[in-house]
Amino acid sequence: MPKRSELWCDMQVVERESEEVEVRGENGEKKEEGEERDVEKGEEVGFEYEEQAVAAESNTNDDHNQRDVHMSMMHRLNPTNPLRIVINSNTRAATPPPPSRFSHGSNNIRVGATPSPPHFSHTPPHSQPRSTPNPQPSITTLNSRKYTNKISLFLFLLHMVAAIGLVGFLIFKGVQGLIEASDNRVKRAEKRVLKFFLPQVEAASLLSITLAFAWQKAVRVWPKFFVHFILWTTFLMSLSAGILLICFQKPASDGVGVCFIAFAIGNGLYACWISQRIGFCSKILIKSLEPVSKFPDLNQPIYWMLGVGFLWMSLWNLAVIGALNFYFTPLMIVLLGLSLAWTAEVMRNVANITVSRVISLYYLRGMQSNTKFCFQRALSKSLGSACFGSLFVPAIETLRIVARALNLLEGEDEFMFSCAHCCLRVMESIFRYGNGWAFVQIAAYGKGFVKASQDTWELFERQEMEQIVDSDITSSICFLTGVCSGSMCVIVVAAWTARVHQSFTATISILAFFIGYLMTRIAMTLPHACVGSYLVCYAENPDNRLFDNTIKDRLALMKSGRDVAILTPRVPRRFAAR
């Protein structure tokens with residue numbers, strides 16, 4: 001009897017529930033269509049959504065209190081009761097629960113705390129929720145496996161094979177002339193060169209690498225003091241070297257001395273001209289060198305390049321001595337000089353790419369990269385871009401100086417006015433398709449030199465940082481550091497040579513300056529690459545927490561007109577459209 005009464009109550013509940021379903025009729029169908037549309041849009045549904053749907057349906061029913069009682073009575077049914085199964089099969093769920101190993105595609109309405117048992121659902125297939133993935137922005141790969149600028153890489157490797165062959169041949173000819181020469185005059189000349197030429201040049205190489213280590217240590221420890229120090233020390237050293245060479249009263253040494261004095265005058269004017277930018281340059285230099293302490297081995301690629309450069313320059317000096325006893329001596333020395341300049345510039349840019357990759361990945365991704373792997377990548381995948389950029393970046397820097405000079409000379413003269421703006425138009429194109437800032441994107445993303453130059457300049461334009469980039473003097477400081485080392489080598493070597501063999505003074509002075517300059521430029525790669533990475537990575541993501549407000553404040557001052565900056569000349573907007 002108790003079971004029959006319980007069954008009779010359950011049947012009454014079912015009848016009343018079916019009547020409520022018929023009364024809701026059209027409203028329920030409309031709401032189901034709305035639920036289907038929500039599911040198709042991929043909106044978040046689940047237990048909370050189902051509870052909200054049940055609550056919305058109850059609001060449309062006038063007799064909601066009675067319905068809640070019926071639902072609670074239904075929920076108290078035994079899950080295995082046949083009436084419970086019938087009711088669940090007639091009730092449409094908005095969203096199926098997650099599939100389990102016991103049930104696939106089951107749809108239950110969760111009312112209260114008791115979960116529903118697994119059952120078969122009659123929900124149409126189109127009502128199943130479909131997740132619509134949100135499109136993610138494409139991220140440029142940081143591990144490109146392709147070689148960049150393959151033509152320039154092939155040309156550089158071909159040049160190195162020819163250079164090694166030429167250096168070896170000239171060294172052989174020098175040794176052969178010293179040992180097997182039948183003429184005593186030739187032997188005496190060979191011995192004189194070895195005695196009064198080679199020691200001074202090797203001493204210049206040793207002094208240059210010592211100064212290179214000293215300058216790099218100084219710029220990392222005292223960056224703000226170093227900027228002021230190198231500007232005026234270069235002025236004093238180049239002026240002293242010029243005066244010393246003129247004092248020898250030889251035509252060749254007098255000509256070299258005049259060049260040094262002229263450069264010293266230009267250096268002094270430049271130091272006065274950029275005095276308003278020294279403070280900002282020092283701030284950027286200090287801030288950009290902060291990540292260096294996180295990478296203790298960051299200087300190792302530079303040390304390797306300095307060691308290889310020292311050995312190659314020692315062999316190169318022997319080849320110059322051998323060229324003195326060979327045909328077309330001036331042509332051989334010029335070819336050797338050009339080869340050494342390109343090789344040293346490639347070594348400097350290899351170190352530049354290595355440091356730039358380590359620092360840029362730290363800024364862009366927060367990664368602490370392995371310096372060894374970055375160095376191997378610079379020597380393989382990015383070597384072509386380093387070779388290509390080594391040919392054009394020095395020319396670009398030279399044109400940059402010419403453009404500034406023309407801008408200063410521009411006045412009422414119409415011819416000079418036209419020449420200045422013609423040069424500025426050329427500079428605008430050159431800076432867009434080839435600039436020294438490209439090595440950061442070459443290091444980070446493995447791009448070619450031209451593509452990296454375009455993308456980097458677009459970043460600067462997007463952030464309106466052209467004035468910041470134009471007013472940067474880091475490359476000038478590195479250049480003047482090389483000139484300072486070269487001038488010191490000239491002073492030491494010229495005084496030594498004038499004492500033992502004065503006729504070699506001018507030649508040895510030029511070689512000593514050349515060697516000292518190149519070795520120091522390789523050592524100064526670290527601050528140059530750090531500043532470049534700081535500016536380029538800031539242009540790519542100014543909101544990075546690793547950057548402070550130094551650049552933002554500078555841009556605000558420039559836009560408001562409260563900061564006076566001497567910019568790199570570029571085509572004015574009123575002439576750009578002509």
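Because only heavy atoms are used, hydrogens play no part in the values below, and waters and symmetry mates are left out as well, while side chains stay in.
Contacts of Phe373 classified as ring-ring contact (aromatic ring centres under 6.0 Å, His included), with partners at least two apart in sequence or in another chain: none. For His228, the ring-ring contact (aromatic ring centres under 6.0 Å, His included) test picks out no residue, with sequence neighbours left out. Contacts of Arg432 classified as salt bridge (Lys or Arg N to Asp or Glu O under 4.0 Å), with partners at least two apart in sequence or in another chain: Glu461. Annotation: salt bridge (Lys or Arg N to Asp or Glu O under 4.0 Å) contacts of Arg348 (sequence neighbours excluded): Glu345. For Leu546, the side-chain contact (heavy atoms from CB on, under 4.5 Å) partners are Tyr362, Tyr363, Asn544, not counting sequence neighbours.
The aromatic rings of Phe460 and Trp457 sit perpendicular, their planes meeting at an angle over 60°, well past the 30° parallel limit. The aromatic rings of Phe226 and Phe229 sit tilted relative to each other, their planes meeting at an angle between 30° and 60°.
Identified under the side chain to side chain donor-acceptor pair (under 3.5 Å) test for residues 195-207, with sequence neighbours left out: Glu202-Ser314, Glu202-Asn317. Annotation: salt bridge (charged side-chain N to carboxylate O under 4.0 Å, His left out) contacts involving residues 451-460, sequence neighbours excluded, comprise Lys447-Asp455, Lys451-Asp455. Each side chain to side chain donor-acceptor pair (under 3.5 Å) pair with one or both residues in residues 238-255, not counting sequence neighbours, would appear here, but there are none. Residues in residues 296-323 take part in these ring pair (Phe, Tyr, Trp, His ring centres under 6.0 Å) pairs, two or more places apart or across chains: Phe213-Tyr303. Among residue pairs with one or both ends in residues 484-498, those qualifying as side chain to side chain donor-acceptor pair (under 3.5 Å) are Trp215-Ser485, Ser485-Thr520; sequence neighbours excluded.
Donor-acceptor pairing under 3.5 Å is recorded for the side chains of Ser476 and Tyr270. Residues Asp297 and Thr371 bring a donor and an acceptor atom of their side chains to less than 3.5 Å of each other. Between the side chains of Thr525 and Asn352, no donor-acceptor pair is found at a separation under 3.5 Å.
From Leu480, atom CG reaches atom OH of Tyr517 across 9.5 Å, with rounding to the nearest 0.5 Å. The structure places CG of Leu306 at 9.0 Å from CE of Met313, a figure rounded to the nearest 0.5 Å. Distance check: Leu555 CG to Thr550 OG1 gives 11.0 Å after rounding to the nearest 0.5 Å.
Checking side-chain atoms of Ser471 against main-chain N and O of Ile468 turns up a donor-acceptor pair under 3.5 Å. The main-chain N or O of Ala438 is found under 3.5 Å from a side-chain atom of Asn435 such that the two form a donor-acceptor pair. Without hydrogens or angle criteria, Arg521 side chain to Gly482 main chain gives no donor-acceptor distance under 3.5 Å.
Taking the six-membered ring where the residue is Trp, the centroids of Phe388 and Phe449 are separated by under 6.0 Å.
No cation-pi contact links Arg220 to Trp222, judged by a cut-off of 6.0 Å to the six-membered ring centre and 45° from its axis.
Closest of all the heavy-atom pairs between Met524 and Cys478 is O-SG, 3.7 Å. Across every non-hydrogen atom of Thr474 and His528, the tightest pair is CG2-CA, 4.1 Å.
None of Gln441, Arg462, Gln463 except one satisfies the side chain to side chain contact (heavy atoms under 4.5 Å, CB included) rule with Glu540; the exception is Gln441.
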Atom pairs and distances, side-chain donor-acceptor, residues 332-343, under 3.5 Å, sequence neighbours left out:
residue, atom, partner, partner atom, Å
Ser339, OG, His159, NE2, 2.8
Trp342, NE1, Cys387, O, 3.3
Thr343, OG1, Ser339, O, 2.8

Can I get a per-line list of side-chain donor-acceptor pairs under 3.5 Å for residues 278-294, giving both atom names and the distance, sequence neighbours left out?
residue, atom, partner, partner atom, Å
Ser282, OG, Ile278, O, 2.9
Lys287, NZ, Glu290, OE1, 3.3
Ser288, OG, Ile284, O, 2.9
Ser288, OG, Leu285, O, 3.0
Ser293, OG, Glu290, O, 3.2

